[in-house]
Colleague: 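Following this message is one structure expressed as structure tokens.
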Amino acid sequence: MSSITVQPPKCLQKTFVAPRRHMFGPGPSNVPPRILAAGAEPIIGHMHPEMLEIMSDIKSGIQYAFQTQNNMTIAVSGTGHTAMECAIFNAVEPGEGVLTAVNGIWGERAAEMAERIGARVNSIVTTAGGYFTSEEIDRALAKHKPVLFFLTHGESSTGVVHPLDGIGDICHKHNCLFLVDCVASMGGAPLHMDKQGIDILYSGSQKVLNAPPGTAPISFSERACQKVFNRKTKPVSFFLDMTWLANYWGCDGKPARIYHHTAPVSAFYSLRESLAILAEQGLENSWRRHKEVAEYFHEGLENMGLKLFVKDKNARLPTVTTIVAPPGYDWKEITSYIMKNHNLEISGGLGPSVGQVLRVGLMGGNSSKASVDMVLEALRDALRYCHKSKV
Ligand code: PMP
């Protein structure tokens with residue numbers, strides 16, 4: 001008699017094939033065949049010399065994408081949220097002050113993460129679609145005296161690209177580290193980690209880089225390292241402890257690497273390939289293309305009578321566009337119609353923008369005029385066929 005009480009599931013007998021879709025939401029974006037192929041290469045050991053070389057290549061690629069010379073530059077095994085927690089958990093000790101700039105969901109999430117480790121958290125808040133002046137930030141830093149200030153460069157929930165120039169200096173004047181989220185902006189909008197005085201910067205693999213979700217670039221300045229590596233308490237997370245990760249990534253100058261966790265080998269292959277493509281194309285070309293394509297898209301939307309959610313043209317994020325949800329329509333019906341009839345993902349709002357916007361992400365290889373034409377056509381079609389609803 002068999003000891004098995006749970007039978008092999010019938011659903012697993014079916015062959016799995018992933019649908020082919022235009023991934024024009026705020027992420028993940030489409031992964032081009034070259035990056036998919038890199039991820040399908042055979043597995044090697046996570047401590048094999050070839051793997052250590054791949055990690056070193058990834059480090060160089062991130063330094064280029066972030067425009068930094070920081071030695072403490074790695075990819076975290078996990079998504080953007082993992083890098084967010086890595087930054088906060090390592091830089092902040094219980095009882096210390098954190099200030100977050102909230103102009104969308106990411107500042108809210110950073111505040112929640114900092115609260116969970118027992119930090120004293122304050123936030124400055126502005127309306128969805130808005131951003132902060134340097135004076136507002138200066139005043140809040142003077143008032144709350146935090147050790148860390150969090151700001152989102154590309155606010156994907158509202159479609160705002162936040163100005164960064166000068167904020168690093170303001171933070172340093174107040175003896176505070178400057179933490180920036182560039183998950184939705186890296187590679188798609190100008191960003192200079194060193195020149196802009198950013199102390200901790202993190203991103204994700206699945207947006208402009210067009211790699212599969214699951215790896216997250218992060219970098220720490222010398223100033224950030226001083227704080228991170230001179231803590232009185234250990235960070236709450238073993239997995240995200242930068243003392244371990246620094247060794248694992250060969251950033252601590254020690255001759256031997258110690259096993260910390262099994263790297264997601266295939267995900268690192270893909271990430272390496274995505275960074276190689278960005279390096280080949282050139283960062284400035286990528287920034288320029290995203291801007292031109294976004295402007296072409298915005299013009300097309302306005303010509304259709306749709307309104308852009310971010311009024312200030314200079315504050316529009318080139319990677320993720322927020323469109324005011326067309327009055328009289330149910331936004332969910334529009335996104336479902338487009339998915340069903342055009343095999344194309346666009347999404348609704350997130351956090352404070354829920355119900356207010358449609359969001360379209362055109363990132364990396366998806367940032368092209370051909371993609372824009374496809375989205376405009378799908379929207380035109382949806383507005384013709386979706387019901388004018390009661391909501
Ligand atoms: N920050 C921003 C600005 C993002 O757009 C996202 C992803 N939407 C994240 C953080 C979180 O990344 P992930 O979903 O990969 O955890």
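Indexing begins at 1, ligand by ligand and atom by atom, following the structure's order.
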Colleague: Have a look at Glu96 and tell me which of Arg231, Lys145, Lys227 forms a salt bridge (charged side-chain N to carboxylate O under 4.0 Å, His left out) with it.
Modeller: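 Result for salt bridge (charged side-chain N to carboxylate O under 4.0 Å, His left out) with Glu96: Lys227.
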Colleague: I'd like to know if Glu112 and Arg109 make a salt bridge, using a cut-off of under 4.0 Å between side-chain N and carboxylate O.
Modeller: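 So Glu112 does not pair with Arg109 through a salt bridge.
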Colleague: For atom 1 (N) of ligand 1, state which one of Asp181, Val320, Thr319 supplies the nearest heavy atom.
Modeller: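 That would be Asp181.
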Colleague: Which residue and non-hydrogen atom of the protein lie closest to atom 12 (O) of ligand 1, and at what distance in Å?
Modeller: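 Nearest protein contact, heavy atoms only, for atom 12 (O) of ligand 1 is Gly80 CA, 3.4 Å.
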Colleague: So if I count the atoms of ligand 1 from 1 in the order they appear, which ones are less than 4.0 Å from some heavy atom of Gly154?
Modeller: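 Under 4.0 Å from Gly154, ligand 1 has these atoms: 3 (C).
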Colleague: Any donor-acceptor pair under 3.5 Å linking the side chain of Asn71 with the backbone of Cys251?
Modeller: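 Yes; at least one donor-acceptor contact below 3.5 Å.
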Colleague: Tell me which protein heavy atom sits closest to atom 9 (C) of ligand 1, plus the residue, atom name and distance to 0.1 Å.
Modeller: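 Result for atom 9 (C) of ligand 1: Trp106 CH2, 3.3 Å.
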Colleague: For atom 5 (O) of ligand 1, what's the nearest protein heavy atom and its distance?
Modeller: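 The answer is Ser156 OG, 2.5 Å.
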Colleague: Which atoms of ligand 1 sit under 4.0 Å from any heavy atom of Thr79?
Modeller: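 Atoms satisfying the 4.0 Å criterion: 13 (P), 15 (O), 16 (O).
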Colleague: Could you check, using the six-membered ring where one of them is a Trp, whether Tyr202 and Trp106 have ring centers closer than 6.0 angstrom?
Modeller: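 Between Tyr202 and Trp106, the centre distance exceeds or equals 6.0 Å.
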Colleague: Of the protein's non-hydrogen atoms, which lies at the shortest distance from atom 8 (N) of ligand 1, and what is that distance?
Modeller: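 Answer, as residue, atom name and distance: Lys207 NZ, 2.8 Å.
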Colleague: Evaluate side-chain contact (heavy atoms from CB on, under 4.5 Å) for Ser270 paired with Val31, printing each intermediate quantity in order.
Modeller: CA-CA 9 Å; Ser270 306; Val31 181; over 6 Å; no
Colleague: Report the residue from Trp249, Phe239, Trp244 that forms a ring-ring contact (aromatic ring centres under 6.0 Å, His included) with His261.
Modeller: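 Output: one option passes, namely Phe239.
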Colleague: I'd like to check which ligand 1 atoms, numbered from 1 as shown, lie under 4.0 Å from a non-hydrogen atom of Ala184.
Modeller: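 Under 4.0 Å from Ala184, ligand 1 has these atoms: 5 (O).
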Colleague: Using 30° and 60° as the class boundaries, would you call the ring planes of Trp287 and His192 parallel, tilted or perpendicular?
Modeller: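 Ring orientation of Trp287 relative to His192: perpendicular.
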Colleague: Among all the protein's non-hydrogen atoms, which is closest to atom 15 (O) of ligand 1, and how far away is it?
Modeller: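 Looking at atom 15 (O) of ligand 1, the protein heavy atom closest to it is Gln206 NE2, 2.7 Å.
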